[in-house]
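Here is the structure we will look at, set down as structure tokens.
When reading the values below, keep in mind they use all heavy atoms of this one structure, side chains included, and skip hydrogens, waters and symmetry mates. Lettering of chains follows the sequences in order, A, B, ..., and the numbering in each one begins at 1. Nothing here was measured: the structure is a model prediction, and the numbers come from that model.
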Amino acid sequence: MYSEKVMDHFSNPRNVGEIENADGVGEVGNAHCGDIMKIYLKVEDDKIVDVKFKTFGCGAAIATSSIATEMIKGKTIEEAEKLTNKAVVESLDGLPAAKMHCSVLAEEAVKAAIEDYRNKNNK
Amino acid sequence: MSRRVYMDHAATTYVNKDVLEAMLPFYTELFGNPSSVHQFGREVKKHIDKAREQVAKAIGALPEEIYFTAGGSEADNWAIKGIAYANRNKGNHIITTQIEHPGLLESCRFLEKEGFEITYLPVDQFGMISVGDVENAITEKTVLISVMYANNEIGTVQPIQEVAKLAKDKKIVFHTDAVQAVGSIDINVKEQGIDLLSLSAHKFYGPKGVGALYVRKGVKLTNLIHGGHQERSRRAGTENVAGIIGLGKAIELAASRLEENSKRIKGLSDKLITGVMEKVPYTRLNGHPDNRLPGNTSFCFEFIEGESLLLNLDIKGIAGSSGSACSSGSLDPSHVLLAIGLPHEIAHGSLRLSLGDINTEEDVDYVLEVLPPIVDRLRQMSPLFEKVKGGK
């Protein structure tokens, strides 16, 4: 049911972990529904120099978090903010219909982390 | 990696070789329609009668009380709807439990729309109903009590005989969905006072798509499948002959090996349960500690989600199942896990490993070696576990 790309990101997730004193942290989802994504950003000169994630969730939740961190790493805040769930799905060679919400969650987690960064830095 | 460990016998089993061998002639030389007058049909009819005897003998029934169906769901649908419709002039109330199989629950929901009233009894933390609750739920309008023999997800075995006795005293029909129990637990419908019982062949090394409903002589039941005169005009449709032969052979084999097999499989399950509980912290055993199916083990691992656990196990060749929302295709985790009082976030982390004939000590050792590091890795990735580690 999952593409090879999803299984690759699920079994070897990129950027797992936390960043101490992160410049921006975003957490979305809730345990009740079975998905929580937390994204940490390290930002220098408006550029995302490091990103880590932690996820409680299914295979698609882990894979979308993993690829989303890969997609925004090295990007400027402005570029990263444009990440869409559609782009996440495409990068994973598709997701089953029932798992589309995981890609939405990944987009929201990135946006929440950026918002946190902006709030902390008055930007 | 080439090791494969199948621990999903509650989902389905393979067909036993002797069972398959018994079935094969009925696809080729013994192809007649059992309803036909000619010898092609008559010879097949004899074999169907024999299969009926095999099923009857295995559960302590009479052959004429066995009706073949297309599986457990049909048997459940027929029992619930058939009793409800046949007793419409007597009453419109049915008592069942919150942890039944969907085949039964959805039949009840259908009847609710038809004006029937259904009481869904709660269960305790171990998945046990209370016989007192059943008694209290009975009204003058109660026409049927249906309690599953053993639960497919958590393995809990219900006090069937006591509920059956209560139903008999109150002159109410008693049905049990024994799909998970037949072949694993010794059942005798006469001694236990059961009026109707559903069973399905593919849970005990028989083929898929065939099952049976036992209906005690004298119990009035409205037909579900209308048409020809098959099954003494109670269930229409040309017989799934090979399937029926397979069911008969499979149940006979299961009954003959029941005690020895169940004992061996129970030993493996106990070893697995003890090992998992010892090796993996923040873990709960679901279901009753003692009154459970010999092959059932069901756990909840806190802070992780079941589907990601299943996928990781699958990568290592281990086949299990989960009641998490993501595995069930709905937004909520399994109704059974919620009924035993688990909060959503814990129910999402469930794993069922159901053992059977092909499992060995080595299989259990392999699972005990592979499972704990997978759970640990997923926890290291989980923001929920972080909070626990931080003492928050």
Side-chain angles (χ1 to χ4, degrees), chain A residues 1-20 22 25-40 52-66 68-69 95-106 108-109 112-113, chain B residues 1 282 300-335 337-338 342-351 370 373-390 392:
Chain A
M1 65 184 224
Y2 286 134
S3 70
E4 272 180 38
K5 201 79 177 276
V6 172
M7 283 313 288
D8 174 38
H9 275 270
F10 167 71
S11 27
N12 304 296
R14 282 55 142 183
N15 307 311
V16 177
E18 297 158 48
I19 296 175
E20 264 185 58
V25 181
E27 185 175 317
V28 296
N30 65 68
H32 190 86
C33 302
D35 301 291
I36 301 176
M37 285 185 198
K38 194 169 180 182
I39 288 189
Y40 301 78
K52 298 270 186 214
F53 82 90
K54 283 209 164 177
T55 290
F56 160 79
C58 63
I62 290 171
T64 52
S65 332
S66 166
T69 59
L95 275 180
K99 303 288 185 175
M100 284 300 170
H101 72 277
C102 292
S103 65
V104 175
L105 218 51
E108 286 173 356
Chain B
M1 204 298 295
Y282 303 108
C300 276
F301 301 104
E302 292 183 45
F303 322 117
I304 64 171
E305 192 277 334
E307 192 216 58
S308 51
L309 179 57
L310 284 187
L311 289 169
N312 272 303
L313 287 170
D314 184 46
I315 290 169
K316 295 284 186 184
I318 299 168
S321 72
S322 172
S324 79
C326 272
S327 320
S328 65
S330 75
L331 289 174
D332 283 317
S334 120
H335 66 288
L337 298 176
L338 296 180
L342 295 182
H344 275 64
E345 59 267 36
I346 291 176
H348 283 301
S350 75
L351 173 70
V370 166
I374 290 176
V375 173
D376 187 53
R377 198 175 73 94
L378 288 169
R379 281 180 178 166
Q380 295 306 326
M381 287 173 66
S382 168
L384 293 174
F385 192 51
E386 197 177 291
K387 287 171 189 157
V388 172
K389 279 195 306 181
K392 283 179 219 166

List the residues meeting salt bridge (Lys or Arg N to Asp or Glu O under 4.0 Å) with Glu27(A), not counting sequence neighbours, and say none if there are none.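 Here the qualifying residues are Lys38(A), Lys387(B).
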Arg14(A) meets the salt bridge (Lys or Arg N to Asp or Glu O under 4.0 Å) criterion, sequence neighbours left out, with Asp8(A), Glu70(A)
Atom SG of Cys58(A) and atom CG of Leu310(B): how far apart are they, to the nearest 0.5 Å? 11.0 Å
If I take atom CD1 from residue Ile62(A) and atom CG from residue Leu311(B), how far apart are they, to the nearest 0.5 angstrom? 8.5 Å
If only atom types and distance count, is the side chain of [X] paired as donor or acceptor with the main-chain N or O of [Y] below 3.5 Å?
X         : Y         : result
Lys54(A)  : Leu384(B) : no
His348(B) : His32(A)  : yes
Ser382(B) : Phe56(A)  : no

Please determine whether side chain to side chain contact (heavy atoms under 4.5 Å, CB included) holds for the pair Glu305(B) and Thr55(A), giving the CA-CA distance in whole Å, both sets of side-chain angles, and the decisive distance to 0.1 Å. CA-CA 10 Å; Glu305(B) 192 277 334; Thr55(A) 290; over 6 Å; no
Measuring heavy-atom distances to chain A, does Ile304(B) have an atom under 4.5 Å in its side chain, in its backbone, in both, or in neither? backbone
If I measure from the heavy atoms of chain A, does Arg379(B) come under 4.5 Å with its side chain, its backbone, both, or neither?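 No part of Arg379(B) comes within 4.5 Å of chain A.
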Arg377(B) vs Pro13(A) side-chain heavy atoms within contact, under 4.5 Å: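 They are in side-chain contact.
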Side chain, backbone, both or neither: which part of [X] has a non-hydrogen atom closer than 4.5 Å to chain B?
X        : result
Pro96(A) : neither
Ala60(A) : backbone
Ile36(A) : both

Heavy-atom closest contact (Ser308(B) atom, Gly59(A) atom, distance):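 In terms of heavy atoms, the two residues are closest at CB-N, 4.0 Å.
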